[in-house]
Amino acid sequence: MKGFSAIKLNIFNYQALGGEEMSNWKTALFELQKTDMSFSTFNEVRAENLDFNNVSLAYSKFTNANMRNLELNDVNLFGTQISDVNLSNTKITNGNLRDLVIDHVHLAGTSFRNIVIPEDLNLDDVSNSIKFEKCNLTNSQFTDCDLSNIEINNCNLSGLKINGILIEDLLKSYSERQ
């Protein structure tokens, strides 16, 4: 078949390898190269320790998938939607998270480090601002952060300190002077 490469396929009983009870399952080892598998469907498939290199998975959909210890390097996830996901112990480095929306997540023990706003970003355009809405940031710490031109509106500031100074006391003192 012109334009298609051969598919090497080996099938054997997985249980013979000491795997869990899968006696009615077949195991297939594929070595695919320059193969178009577009529009394929995989149901009830065990596919662990796979190695994808220079692969397009655009518009793919993964539902009810165990991707524990998944490693993604040099990957374009533009427009990706992730919901009902456990990202515990996940690390994102050298990522572009522009226009990222994080909604209804648990961030206990989470660290944000070395976060920058690109120099070429128009900071006068409010659509480029970073927003925290309806967040519980109790006992959070901001250290060595550039917080210039930040607006805090309709927030509970009880116990909030800046450089050890209680903000409630500052606001109270300011109000009394007015």
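Values reported hereafter were calculated over all heavy atoms of this structure, with side chains retained and with hydrogens, waters and symmetry mates removed.
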Undergrad: Examine distances only and state if a side-chain atom of T35 and a backbone atom of Q33 form a donor-acceptor pair shorter than 3.5 Å.
TA: yes
Undergrad: To the nearest 0.5 Å, what is the distance between CD (E151) and NZ (K131)?
TA: 11.5 Å
Undergrad: Could you tell me whether the side chain of S173 and the main chain of D169 form a donor-acceptor pair under 3.5 Å?
TA: no
Undergrad: Are L171 and L147 connected in the hydrophobic side-chain network, where two residues link if heavy atoms are under 4.5 Å apart?
TA: yes
Undergrad: In terms of heavy-atom contacts, does CG of N153 have more than 12 from other residues, nucleotides or ligands at under 6.0 Å?
TA: yes
Undergrad: With rounding to the nearest 0.5 angstrom, report the NZ to CG distance, K134 to N154.
TA: 11.5 Å
Undergrad: Tell me whether N122 at atom CG has more than 12 heavy atoms from other residues, nucleotides or ligands lying less than 6.0 Å away.
TA: yes
Undergrad: Answer yes or no: is there a side-chain heavy-atom contact under 4.5 Å between T110 and F112?
TA: yes
Undergrad: Is it the case that over 12 heavy atoms from other parts of the model lie below 6.0 angstrom from the CG atom of D125?
TA: yes
Undergrad: Examine distances only and state if a side-chain atom of E168 and a backbone atom of G159 form a donor-acceptor pair shorter than 3.5 Å.
TA: yes
Undergrad: S88: what forms a side-chain hydrogen bond (donor to acceptor under 3.5 Å, both in side chains) with it, not counting sequence neighbours?
TA: N86
Undergrad: Under a 3.5 Å distance rule, please check whether S60 uses its side chain to pair with a backbone N or O of L57 as donor and acceptor.
TA: yes
Undergrad: With side-chain contact (heavy atoms from CB on, under 4.5 Å) as the criterion, how do L72 and L77 come out once you've worked through the C-alpha distance, each side chain's angles and the decisive distance to 0.1 Å?
TA: CA-CA 10 Å; L72 302 173; L77 295 174; 4.2 Å; yes
Undergrad: Quick check: do T63 and K61 have side-chain heavy atoms less than 4.5 Å from each other?
TA: yes
Undergrad: Roughly how far, to the nearest 0.5 Å, is CD1 of I152 from CZ of F132?
TA: 11.0 Å
Undergrad: Is there side-chain contact between E48 and R46, with at least one heavy-atom pair below 4.5 Å?
TA: yes
Undergrad: Hey, any chance V55 and V45 share a hydrophobic cluster, counting ILVMFWY side chains that come within less than 4.5 Å of each other, even indirectly?
TA: no
Undergrad: Working to the nearest 0.5 Å, report the span between CD1 of I167 and NZ of K172.
TA: 15.0 Å
Undergrad: Taking L97 as the starting point, is it possible to reach V105 by hopping between hydrophobic residues whose side chains are less than 4.5 Å apart?
TA: yes
Undergrad: Between M37 and F42, is the side-chain contact (heavy atoms from CB on, under 4.5 Å) condition met? List the steps.
TA: CA-CA 11 Å; M37 294 177 49; F42 301 90; 3.4 Å; yes
Undergrad: Holding to side-chain contact (heavy atoms from CB on, under 4.5 Å), I want the full list of residues that pass it with I92, two or more places apart in sequence or in another chain.
TA: T90
Undergrad: Residues two or more places apart in sequence or in another chain: which of them pass side-chain contact (heavy atoms from CB on, under 4.5 Å) with A58?
TA: S56
Undergrad: How many angstroms lie between atom CG of D146 and atom CD1 of I115, to the nearest 0.5 angstrom?
TA: 13.5 Å
Undergrad: Determine whether the side chains of N69 and E71 contain a donor N or O and an acceptor N or O closer than 3.5 Å.
TA: no
Undergrad: Just checking K91: does its NZ atom have more than 12 heavy atoms from other residues, nucleotides or ligands closer to it than 6.0 angstrom?
TA: no
Undergrad: Any chain of hydrophobic side-chain contacts (each under 4.5 Å) joining L70 to F62?
TA: yes
Undergrad: What I'd like to find out is whether the side chain of L137 reaches to under 4.5 Å of the side chain of L107, using heavy atoms alone.
TA: no
Undergrad: Any chance you could lay out the side-chain contact (heavy atoms from CB on, under 4.5 Å) test for L170 and L166, step after step, and finish with the verdict?
TA: CA-CA 7 Å; L170 284 175; L166 198 60; over 6 Å; no
Undergrad: Measuring from Q141:CD to N139:CG, what's the distance to the nearest 0.5 Å?
TA: 8.5 Å
Undergrad: Hey, quick one: are V85 and L100 part of the same hydrophobic cluster, counting side-chain heavy atoms closer than 4.5 Å, chains of contacts allowed?
TA: no
